[in-house]
Amino acid sequence: MATVWYRVRDLDAGRAFYRDVLGFEEVFVDFEDGWSRLRHGEMEIALAEGEPDESSGVAHVDVEDVKADAERLRSEGVEVGVVFELHGQIRLVDVFDPDGNRVQLAQSLS
């Protein structure tokens with residue numbers, strides 16, 4: 001399983017966002033060294049305390065309903081991009097964590 005690393009300014013706030021807002025399960029946390037691993041289906045991310053980096057990877061997270069998730073996240077004040085569909089095969093939307101890290105939610109339509 002590949003892991004996408006994100007740097008976050010506040011580890012506790014980052015962990016809470018990914019767990020409570022995006023539905024990730026935390027599988028490991030190291031408070032001493034300031035990092036955590038979380039999983040959502042087949043996607044694993046790691047959060048490390050530090051200055052966010054725009055050139056980091058992008059987690060691709062499979063969800064049941066991109067449109068419903070986008071609406072829910074917007075109502076919770078999360079920065080959400082435009083939902084778009086590719087040739088009736090997949091629906092995608094970019095979501096941004098409080099530090100500006102991009103996560104892509106995806107829904108298979110086939």
Side-chain angles (χ1 to χ4, degrees):
M1 176 178 299
T3 303
V4 174
W5 282 82
Y6 291 121
R7 292 205 179 274
V8 293
R9 291 179 188 93
D10 180 331
L11 183 61
D12 288 334
R15 292 170 55 235
F17 176 81
Y18 284 94
R19 277 191 333 256
D20 304 340
V21 177
L22 293 186
F24 278 74
E25 173 190 4
E26 187 167 55
V27 294
F28 178 81
V29 63
D30 182 337
F31 292 108
E32 187 174 318
D33 289 329
W35 71 282
S36 172
R37 273 190 8 237
L38 301 103
R39 192 172 293 146
H40 189 291
E42 296 298 314
M43 184 71 243
E44 183 173 279
I45 65 167
L47 304 178
E49 286 182 319
E51 194 59 32
D53 183 359
E54 290 181 22
S55 65
S56 67
V58 177
H60 179 91
V61 179
D62 293 321
V63 298
E64 291 292 320
D65 188 336
V66 162
K67 288 182 178 180
D69 284 344
E71 284 181 36
R72 175 184 63 81
L73 293 168
R74 279 189 191 101
S75 74
E76 293 178 14
V78 175
E79 182 182 351
V80 178
V82 175
V83 174
F84 64 98
E85 191 173 309
L86 298 174
H87 308 291
Q89 299 296 310
I90 193 168
R91 192 172 287 144
L92 303 164
V93 68
D94 288 338
V95 174
F96 298 87
D97 77 10
D99 289 295
N101 295 303
R102 181 169 66 107
V103 177
Q104 187 173 70
L105 304 184
Q107 173 189 356
S108 176
L109 300 175
S110 55

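The figures that follow rest on heavy atoms only: side chains count, while hydrogens, waters and symmetry mates do not.
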Could you identify which residues cluster with [X], counting Ile, Leu, Val, Met, Phe, Trp and Tyr as linked when any side-chain heavy atoms lie under 4.5 Å apart, either directly or through a chain of such contacts?
{"X": "Trp35", "answer": "Trp5, Phe28"}
{"X": "Val27", "answer": "none"}
{"X": "Leu92", "answer": "Phe84, Leu86, Ile90"}

Open item on the list: Quick one: does any side-chain atom of Gln107 pair with a main-chain N or O of Arg91 as donor and acceptor, under 3.5 Å?
Closed with: no
Task: Any donor-acceptor N/O pair, Tyr6 side chain to Asp99 backbone, under 3.5 Å - done: no
Open item on the list: What's the separation between atom CE in Met43 and atom CG in Leu38, rounded to the nearest 0.5 Å?
Closed with: 11.0 Å
- [ ] Give, for atom CD of Glu49 and atom CG of Asp30, the distance between the pair rounded to the nearest 0.5 Å.
- [x] 10.0 Å
Task: Any residue meeting salt bridge (Lys or Arg N to Asp or Glu O under 4.0 Å) with Asp69, in chain and number order, not counting sequence neighbours - done: none
Flag yes if [X] and [Y] sit in one hydrophobic cluster, no otherwise; membership is Ile, Leu, Val, Met, Phe, Trp, Tyr, and two members link when side-chain heavy atoms are under 4.5 Å apart.
{"X": "Val93", "Y": "Val4", "result": "yes"}
{"X": "Val63", "Y": "Val83", "result": "yes"}
{"X": "Val21", "Y": "Val8", "result": "yes"}

TODO: Decide yes or no on side-chain contact (heavy atoms from CB on, under 4.5 Å) for Glu85 and Leu109, but give the supporting numbers first.
DONE: CA-CA 9 Å; Glu85 191 173 309; Leu109 300 175; 3.3 Å; yes
Nearest heavy atoms of [X] and [Y], plus distance in Å:
{"X": "His60", "Y": "Asp62", "value": "NE2-OD1, 3.7 Å"}
{"X": "Pro52", "Y": "Asn101", "value": "CB-OD1, 4.2 Å"}
{"X": "Ile45", "Y": "Ala59", "value": "CG2-CB, 3.7 Å"}

Open item on the list: Taking side-chain hydrogen bond (donor to acceptor under 3.5 Å, both in side chains) as the cut-off, I'd like each qualifying pair that reaches into residues 13-26, sequence neighbours left out, listed once.
Closed with: Asp12-Arg15, Arg15-Glu26, Tyr18-Asp97, Glu26-Ser36
Task: Lys/Arg-Asp/Glu bridge criterion (N-O < 4.0 Å) met for Arg102, Asp94 - done: yes
For residues 73-82, which side-chain N or O atoms pair as donor and acceptor with protein atoms under 3.5 Å away, sequence neighbours left out?
| from | atom 1 | to | atom 2 | distance (Å) |
| --- | --- | --- | --- | --- |
| Arg74 | NH2 | Gly81 | O | 2.6 |
| Ser75 | OG | Arg72 | O | 2.6 |
| Glu76 | OE2 | Arg72 | NH1 | 3.3 |

